[in-house]
Protein chains: 2
Amino acid sequence: MPAEDAAVAAGFERFYETLRRLTPRGPLSLTAASTLRRLERSGPHRLCELYAPEGISQPAMTQLVTRLEKEGLAERTSDPSDGRAVVVSITEAGREAVSHRRRVRAEALSELLQGLTPEQYEAVVAALPALERLSDLATEQAS
Amino acid sequence: MPAEDAAVAAGFERFYETLRRLTPRGPLSLTAASTLRRLERSGPHRLCELYAPEGISQPAMTQLVTRLEKEGLAERTSDPSDGRAVVVSITEAGREAVSHRRRVRAEALSELLQGLTPEQYEAVVAALPALERLSDLATEQAS
DNA sequence: CCAATTTATATCGCTGACTTATGTACGCAG
DNA sequence: CTGCGTACATAAGTCAGCGATATAAATTGG
């Protein structure tokens, strides 16, 4: 492991905690929010396609979908081509919940961003593609 | 809110999920790990100074400290100057647990970092001071 | 200096969100 | 239609958080 990676890891570690506290309490668990974002981003999915990337077990996803359905944020549809399958999709209320959460977070973050110097701000913007790339790499690795 | 902040927020949102999955399972909850890091970083604290910054209730912190104590990762000491207070400090085993967790995470991250181009890597390194600053700002804001 | 209040921590009962093990319904090959 | 694999649901247990409340020490007002 290159030495400089350790510095990056240390910085990320602390920054991760900062991000975590930026949306402290809410009716959605981390996994619930993440699942909703996935459904919003890449459309309806079968339940069996959801649990692995979210890093939880299949029963946990069943329960999560049940909760989301009870709260009106997602819905189950049966797949006509496969009677065993359940297709999960996000509802309008779900989209609103996601965008509300996103907005709250973005506003809190925006306030912090204003404390940066223009140079620091530019550095953050310049690093965004790299962060995006890291997320892509992590996703690939998982599959 | 400046328009570009939204892009930053979106990038951070996804990156946050990525970091979250970088240390998937472990015996320590997110809060437990975060609390241990705090104790390691800034020394012993009274229980009442711990729960607010960690974003949990006081009873939850009492329980968390109890668990950490049971696992030998932290210990309670009574404050001689205030009979009501309990001073929590990290043990040697606690330090090891923190550093182990940090190492695992750093290695996983390091693997991802190698997938970046040199330019992207430099962009990340260049952004570190800004991320650090953001964390500082968030800490100030909380107090 | 004693009663009332505030502060610091602990205990209780509850819920949410996971786990593993197991059950059920459907699809498909023989 | 038998039997097996797949997709999902259910059951039972655990863990980590919550609010309400209890206990005990410190502080404060008369």
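Per chain, numbering begins at 1; letters A, B, ... match sequence-line order.
The base of C/dA10 sits with one of its N or O atoms less than 3.5 Å from a complementary donor or acceptor on the side chain of B/Q58. Below the 3.5 angstrom threshold, one finds no donor paired with an acceptor across the side chain of A/Q63 and the base of D/dA9.
Toward the 5' end of DNA chain C, the nearer of the two residues B/R46 and B/T66, judged by each one's closest nucleotide, is B/R46. Place A/A85 and A/P59 on DNA chain D by their nearest nucleotides, and A/A85 ends up nearer the 5' end.
Regarding A/Y51, its OH atom lies at a distance of 8 Å from the P atom of D/dA7, rounded to whole Å. Between B/E49 atom CD and C/dT7 atom C1' the separation is 13 Å, expressed in whole Å. In this structure, CD of A/E71 is placed 15 Å from P of C/dT15, rounded to the nearest angstrom.
A salt bridge does not link B/R14 with B/E17: none of the charged nitrogens is closer than 4.0 Å to a carboxylate oxygen.
A/R133 and B/T117 form no side-chain donor-acceptor contact under 3.5 Å, judged by distance and modelled atom types alone. Between the side chains of A/S34 and A/E54, a donor-acceptor pair is found at a separation under 3.5 Å.
Within the 4.0 angstrom heavy-atom criterion, only backbone atoms of the sugar-phosphate kind lie near B/T31; the bases stay farther away. Using a 4.0 Å heavy-atom criterion, one finds that B/A60 contacts the sugar-phosphate atoms exclusively. Residue A/S29 is in sugar-phosphate contact alone, with no base atom involved, counting any heavy-atom pair closer than 4.0 Å across all strands shown.
Taking the centre and axis of the six-membered ring of A/Y16, the NZ or CZ atom of B/R105 falls inside the cone set by 45° and 6.0 Å.
If you check D/dA7, D/dG17, D/dT10 against the side chain of A/R84, the one that comes closest is D/dA7.
At the phosphate of D/dA16, OP1 or OP2 sits under 4.0 Å from a side-chain N or O atom of B/R67.
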